[in-house]
Trainee: 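The structure follows.
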Number of protein chains: 2
Amino acid sequence: MKAERKNNRERILDAAERQFAKLGFFGTSLRDIARTAGVDVALISYHFGKKQELFDAVMLRRAEILNAERQQMLEAAQRRHAPNPPPIEEIIDAFTHALLNRSTKGGEGWRSYFALIAQVNNHPQWGGAVMNQYFDPLVYKFLDALRDALPGCDERDLFWCYHFLSGALTLTFAETGRIDKLSDGLCNSEDLDDVHERLVPFISAGFKSVCTPERAARPGARRGGRR
Amino acid sequence: MKAERKNNRERILDAAERQFAKLGFFGTSLRDIARTAGVDVALISYHFGKKQELFDAVMLRRAEILNAERQQMLEAAQRRHAPNPPPIEEIIDAFTHALLNRSTKGGEGWRSYFALIAQVNNHPQWGGAVMNQYFDPLVYKFLDALRDALPGCDERDLFWCYHFLSGALTLTFAETGRIDKLSDGLCNSEDLDDVHERLVPFISAGFKSVCTPERAARPGARRGGRR
DNA sequence: GTCTATAGCTTGATAGAC
DNA sequence: GTCTATCAAGCTATAGAC
């Protein structure tokens, strides 16, 4: 870990990331963070200004790394299959692989970061604005790739399927331990390799089932729920 | 609405539900709640005791109603198809219909409640314990029904697929407005009928794709990611 | 059931010495 | 860059009058 050698600025970011992930923005005090980081409270203001600005710094630090990796994986898949679009499975894999990989093998900092993302993504105030700011530029590239791979599909179908993907993925990061308890230990929410081999086929099948030209051709009226 | 006629106890619950949904447990003060409810702060302690107990009361109030409705829908589907299991689509519909219906047509209180559920489900501390307490007894009945409808499937596949369902569903309740922004207004996160007609086939296709006897028969080794 | 008053503590933020 | 000291504001919770 060699956490000892880090400077105070990084230690504050690490501590903030960890505490925000545990108890959220409001559940975490600057004093919690300072104590966890082993620095004085006033140092936080000195380096980052207000609490909200510290939060933004935490969000930004790893987002850039992730987005670069994910974009590279998408482009690699596109090159492999050019001039055809890649199969859905490979697009979904490019979208999720870097995230699950970092979460599994990146150490505690990455784990905390993803747990924080899960909370933010499901927060009514921040879910829209923050996720949009840090991640949606890349999301558009994936939506373009999916659109190419699902010819003739309806735009709204596509967006909603992305929404389901986002929800399934971020709950996985939340590491709430719920599935562990539910399955009586059979599933381990920290074993993200187990997730990955199921998430990709699950989501791919969903996209293929919903994003069809047939559904796109249906009249504006909704299909009607069962009952 | 006839909110005027409600007694103070209910008004406190309504206000707490709304404020907790907006800013979470720690982001909401008892004074916020009292102000929103139009009552004195001390009344909260009188009726509910500590802040945490108020939170529990909020969670419990609607959980019981929902679970009863969902169980009835599941049993109705099972009766319709007896002695065979119902199709996956009908099981998923029974799982989600009451939730989406209340969220759409139940008024602001229900909407807030579900937004709160989304946050709780993705919270590292409470996601496991709270959701387990209030909802998992019913979840087991749905898992039993799914197991019957997916003969020969692997247990871990089943649990993970349920996890994906839970994530996709709760993000929908969060009503973050992210998909609205992402789709430039094409999708409306408040129109849960739009969700419902896509969620059920999306999730059903995922279950059918992952929970197969073929996958269950694979060796313990994982399938190996792309790359 | 409802309200006033207040105890006792923690919070975010900053001013200023070193 | 770092720390001490401090402030005004807000917090939960309760005791006690009505």
Side-chain angles (χ1 to χ4, degrees), chain A residues 2-61 112 116 119-120 123-126 129-130, chain B residues 2-61 112 116 119-120 123-126 129-130:
Chain A
K2 61 168 68 174
E4 290 310 316
R5 313 228 85 221
K6 285 184 176 174
N7 60 20
N8 280 340
R9 201 174 183 282
E10 291 255 339
R11 298 178 67 182
I12 291 170
L13 279 175
D14 290 344
E17 183 172 66
R18 178 171 161 175
Q19 297 304 104
F20 283 148
K22 267 193 196 160
L23 291 170
F25 181 79
F26 297 109
T28 302
S29 72
L30 294 179
R31 286 171 164 81
D32 283 343
I33 296 169
R35 201 181 315 116
T36 308
V39 304
D40 191 276
V41 227
L43 257 191
I44 300 177
S45 305
Y46 172 75
H47 282 295
F48 297 97
K50 304 209 177 300
K51 188 182 180 184
Q52 180 65 54
E53 296 173 299
L54 169 61
F55 184 85
D56 291 338
V58 168
M59 289 293 299
L60 184 61
R61 179 169 58 154
S112 293
L116 181 56
Q119 285 181 68
V120 169
H123 193 285
Q125 317 274 309
W126 295 340
V130 177
Chain B
K2 60 169 65 176
E4 290 311 317
R5 313 230 84 221
K6 285 183 178 173
N7 59 22
N8 280 340
R9 200 172 185 283
E10 291 255 339
R11 298 178 67 183
I12 291 169
L13 278 175
D14 290 343
E17 183 172 66
R18 178 171 161 175
Q19 297 304 104
F20 284 147
K22 265 193 197 160
L23 292 170
F25 182 79
F26 297 109
T28 302
S29 71
L30 295 178
R31 285 172 159 79
D32 282 343
I33 295 169
R35 202 181 314 115
T36 308
V39 303
D40 191 275
V41 227
L43 259 191
I44 300 177
S45 306
Y46 172 74
H47 283 295
F48 297 97
K50 304 210 179 298
K51 188 182 181 184
Q52 181 65 53
E53 296 172 299
L54 170 61
F55 184 84
D56 291 337
V58 168
M59 288 293 298
L60 184 60
R61 178 168 61 153
S112 293
L116 181 55
Q119 286 180 69
V120 169
H123 192 284
Q125 317 274 310
W126 295 341
V130 177

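Values below: every heavy atom of this structure, side chains too, minus hydrogens, waters and symmetry copies. Proteins come first, then strands; the chains are lettered A, B, ... in the order of their sequence lines, and each starts at number 1. Here the structure is a predicted model, which is why all the values come from computation and not from measurement.
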Trainee: List for me each residue that meets salt bridge (charged side-chain N to carboxylate O under 4.0 Å, His left out) alongside B/Glu10, sequence neighbours excluded, and say none if there are none.
Mentor: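 By the salt bridge (charged side-chain N to carboxylate O under 4.0 Å, His left out) rule, B/Glu10 matches B/Arg61.
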Trainee: Restricting to pairs with a member in residues 43-53 of chain B, which pass salt bridge (charged side-chain N to carboxylate O under 4.0 Å, His left out), not counting sequence neighbours?
Mentor: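 Non-adjacent pairs meeting salt bridge (charged side-chain N to carboxylate O under 4.0 Å, His left out): zero.
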Trainee: In chain order, what residues pass the side-chain contact (heavy atoms from CB on, under 4.5 Å) check against B/Gln19, with sequence neighbours excluded?
Mentor: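 Partners of B/Gln19 under the side-chain contact (heavy atoms from CB on, under 4.5 Å) test: B/Lys22, B/Thr28, B/Asp32, B/Ile33, B/Thr36.
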Trainee: Would you say A/Gln119 and B/Gln119 make side-chain contact, with heavy atoms under 4.5 Å?
Mentor: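 Not in contact.
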Trainee: Only counting residues at least two apart or in another chain, list the ones meeting side-chain contact (heavy atoms from CB on, under 4.5 Å) with B/Asn8.
Mentor: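 Testing B/Asn8 for side-chain contact (heavy atoms from CB on, under 4.5 Å), a comparison that skips the adjacent residues, returns B/Arg11, B/Val39, B/Leu43.
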Trainee: Using a strict heavy-atom distance below 4.0 Å, which residues from residues 35-43 of chain B are in contact with DNA chain D?
Mentor: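 Hits under 4.0 Å, by residue number: B/Ala42.
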Trainee: Could I get the full list of side chain to side chain donor-acceptor pair (under 3.5 Å) partners for A/Asp40, not counting sequence neighbours?
Mentor: none
Trainee: Does anything in residues 37-57 of chain B form a ring pair (Phe, Tyr, Trp, His ring centres under 6.0 Å)? List the pairs, not counting sequence neighbours.
Mentor: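 Counting only pairs at least two positions apart or across chains, the ring pair (Phe, Tyr, Trp, His ring centres under 6.0 Å) contacts touching residues 37-57 of chain B are B/Phe20-B/Phe55, B/Phe25-B/Phe55, B/Phe55-B/Trp126.
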Trainee: Please name the pair of heavy atoms, one in A/Ser112 and one in A/Ala21, separated by the smallest distance, quoted to 0.1 Å.
Mentor: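 Shortest heavy-atom separation between A/Ser112 and A/Ala21 comes out as O-CB, 3.2 Å.
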Trainee: Kindly state which residues belonging to residues 19-29 of chain A come within less than 4.0 angstrom of DNA chain C, counting heavy atoms of the residue only, listed by number.
Mentor: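 DNA chain C contact set from residues 19-29 of chain A: A/Thr28, A/Ser29.
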Trainee: Check whether any side-chain heavy atom of B/Met59 lies under 4.5 Å from a side-chain heavy atom of B/Leu116, and answer yes or no.
Mentor: yes
Trainee: Please give, in whole Å, the distance from D/dA13 C1' to B/Ile12 CD1?
Mentor: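 Distance check: B/Ile12 CD1 to D/dA13 C1' gives 15 Å.
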Trainee: What are the bounds, 5' to 3', of the part of DNA chain C that sits under 4.0 Å from heavy atoms of chain A?
Mentor: C/dT11 to C/dT14
Trainee: Between residues 45-52 of chain A and DNA chain C, which residues have a heavy-atom gap below 4.0 Å?
Mentor: A/Ser45, A/Lys50, A/Lys51
